[in-house]
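Residue numbering restarts at 1 for every chain, and letters A, B, ... go by the order of the sequence lines. The structure displayed is predicted, hence computed values, not measured ones.
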2 protein chains.
Amino acid sequence: MNETKERILDTAERLIGEQGYAATSLRQIIANAGVNLAAVHYHFGSKEELLDEVVMRKGAVMNTARLASLDRAEALAGDKPVEVSAVLDAFFAPMAEVAGANPEFVRLMGRIYSEGLMPAIVQKHFHPTIERFVSAFRRALPNLPQDEILWRIHFMVGAMAHTMLSAPSLPHPAKGETDVQQRMKRLLPFLIGGFRAPASSSEED
Amino acid sequence: MNETKERILDTAERLIGEQGYAATSLRQIIANAGVNLAAVHYHFGSKEELLDEVVMRKGAVMNTARLASLDRAEALAGDKPVEVSAVLDAFFAPMAEVAGANPEFVRLMGRIYSEGLMPAIVQKHFHPTIERFVSAFRRALPNLPQDEILWRIHFMVGAMAHTMLSAPSLPHPAKGETDVQQRMKRLLPFLIGGFRAPASSSEED
DNA sequence: GTCTATACTGAGATAGAC
DNA sequence: GTCTATCTCAGTATAGAC
């Protein structure tokens with residue numbers, strides 16, 4: 001790849017992850033990357049399309065890992081449906097793995113979510129992945145109406161996005177509490193409980 | 001209140017709710033409100049402080065209702081802790097009520113959340129409310145570590161914010177599916193299940 | 001105390017020279 | 001493929017009219 005283009009991508013990833021998309025100007029990016037302003041528009045067309053490429057550069061890898069993980073879980077389950085917890089694990093484990101090698105990238109994704117820019121990117125690039133996971137959730141939760149499953153995935157995405165970006169202010173933050181991997185581990189039981197809940201608010205327990 | 005000020009607040013609420021904060025310029029607001037640009041800075045100081053007043057004008061009422069609802073639930077429970085479902089209801093019912101009379105305001109809040117602007121406003125105005133609800137959750141879930149409770153509230157806020165703003169794309173949207181009140185009703189069982197889940201991912205069911 | 005007119009700085013985008 | 005110059009529009013600040 002062109003070196004100018006790559007320097008822009010690297011710098012944009014770092015700065016947008018630190019400050020957010022809106023708060024990071026193209027002028028700041030080009031100053032840090034040591035390139036000209038017009039080079040951004042030449043290589044990417046617009047600030048928004050630059051963001052798109054920043055996200056997809058590593059996002060595509062993560063997504064492939066998600067699908068592979070779901071493949072493995074389905075092969076392991078044979079004819080039976082994959083457990084909810086395993087579906088969630090297939091979705092979150094690759095993200096945790098990326099977070100290990102590249103924590104600032106997951107943080108960047110959290111920022112993009114919280115700035116409301118993710119839906120457009122997801123719509124554009126992640127549609128097949130979503131279809132696969134929706135099917136898996138449906139098989140795992142045969143008693144839930146199909147609409148209800150889509151809503152719960154919606155709730156999950158909200159909790160995930162919020163959690164990727166920020167943490168509650170804890171009185172005594174535990175070691176590694178700021179770590180994205182740890183956060184995802186904490187999120188999982190909550191989501192499993194949420195998905196397994198009955199559809200109406202009838203009696204349970 | 002000054003009429004100019006009120007016209008600015010009304011117009012800002014409507015436009016920011018429709019388009020988001022970043023996408024709505026002061027110049028667009030003043031053009032629709034029929035006032036001068038400098039009047040905004042005279043009455044509010046900055047675009048950010050204008051947003052603060054827009055949110056708090058109705059947000060304060062909603063918050064008072066939340067505390068009153070929690071008061072009633074605690075009085076009803078006597079010595080026993082209030083059920084998780086009742087704590088969640090005290091938190092969400094006032095929002096659903098506001099949504100009934102003023103659906104665009106809840107949508108505005110969703111936008112503010114998703115643009116990452118809510119934490120600053122919450123920090124500034126809603127701190128006592130948060131304290132009260134954290135205590136109620138602690139009493140309702142005595143077996144969960146205190147940190148875990150704060151994390152789950154964090155997850156709840158994420159799911160809520162995301163749901164206030166958007167809905168999943170459903171194949172056959174039910175009647176009223178776009179209604180914020182309906183969404184909150186759907187969210188509740190998911191959250192109850194999430195809060196009641198065991199802290200670690202040990203065996204359950 | 002309220003508001004109008006206007007100017008300042010910095011943003012994203014683009015045309016055209018090289 | 002790169003860069004200079006320039007355009008439009010944003011938020012902000014202020015001087016001064018009423």
Side-chain angles (χ1 to χ4, degrees), chain A residues 1-57 108 111-121 124, chain B residues 1-57 108 111-121 124:
Chain A
M1 200 192 302
N2 181 300
E3 197 204 315
T4 301
K5 190 173 175 181
E6 211 152 351
R7 277 230 298 283
I8 295 170
L9 282 171
D10 289 339
T11 312
E13 179 180 279
R14 181 170 57 83
L15 292 177
I16 295 174
E18 288 168 4
Q19 309 169 342
Y21 173 78
T24 304
S25 69
L26 289 180
R27 285 171 165 85
Q28 190 185 4
I29 293 170
I30 58 130
N32 277 269
V35 302
N36 186 276
L37 176 60
V40 175
H41 290 97
Y42 173 74
H43 286 290
F44 303 97
S46 70
K47 190 186 178 186
E48 210 170 325
E49 287 171 286
L50 165 60
L51 176 69
D52 197 281
E53 287 213 35
V54 166
V55 172
M56 287 316 295
R57 190 168 55 150
L108 172 126
R111 285 212 175 270
I112 302 316
Y113 265 114
S114 100
E115 289 186 83
L117 305 165
M118 205 63 176
I121 298 175
K124 202 168 165 188
Chain B
M1 201 193 298
N2 183 297
E3 196 204 316
T4 301
K5 191 173 174 180
E6 211 151 350
R7 274 229 302 280
I8 295 170
L9 282 171
D10 289 341
T11 311
E13 179 180 280
R14 179 170 57 83
L15 292 177
I16 295 174
E18 287 168 5
Q19 311 170 341
Y21 174 78
T24 305
S25 70
L26 289 180
R27 285 172 165 85
Q28 189 185 3
I29 293 170
I30 59 131
N32 278 270
V35 303
N36 186 276
L37 176 60
V40 175
H41 290 96
Y42 173 74
H43 286 288
F44 303 98
S46 70
K47 189 185 179 187
E48 208 171 329
E49 287 170 285
L50 166 60
L51 176 70
D52 197 281
E53 287 211 37
V54 167
V55 172
M56 287 316 294
R57 190 168 57 150
L108 171 125
R111 284 214 175 268
I112 303 316
Y113 265 113
S114 100
E115 289 185 84
L117 304 165
M118 205 62 178
I121 297 174
K124 202 170 165 188

Interatomic distance, B:Glu49 CD vs D:dA13 P [rounded to whole Å]: 10 Å
Rounded to the nearest angstrom, tell me the gap between atom CD1 in B:Ile29 and atom P in D:dT12. 11 Å
I'd like to know if the side chain of A:Arg111 reaches the main chain of A:Glu18, judged simply by a donor and an acceptor atom lying under 3.5 Å from each other, with no hydrogens or angles considered. yes
Decide whether a cation-pi geometry holds between B:Lys5 and B:Phe44; the criteria are a distance under 6.0 Å from NZ or CZ to the six-membered ring centre and an angle within 45° of the ring axis. yes
Interatomic distance where NE2 belongs to A:His41 and P belongs to C:dA15 [whole Å]: 11 Å
Given side chains that start at C-beta, do those of A:Arg57 and A:Glu13 come closer than 4.5 Å, heavy atoms only? yes
Just to be sure I understand the geometry, which residues of residues 7-25 of chain B put a non-hydrogen atom under 4.0 Å away from DNA chain D? B:Thr24, B:Ser25
Ionic contact status for B:Arg7 with B:Glu3, cut-off 4.0 Å: yes
Rounding to a whole Å, what distance do you find between A:Phe44:CZ and C:dG12:P? 15 Å
Quick check: are there more than 12 heavy atoms from other residues, nucleotides or ligands sitting under 6.0 Å from CD of A:Glu48? no
Just by protein heavy atoms under 4.0 Å, how would nucleotides 3-8 of chain C read 5' to 3' in B, S and -? SBB-B-
Compare all side-chain heavy atoms of A:Ile29 with those of A:Leu50 and state whether any distance is below 4.5 angstrom. yes
For the residue pair B:Ile16 and B:Ile112, establish whether any side-chain heavy-atom pair is separated by less than 4.5 Å. yes
Under a 3.5 Å distance rule, please check whether A:Glu115 uses its side chain to pair with a backbone N or O of A:Ala22 as donor and acceptor. yes
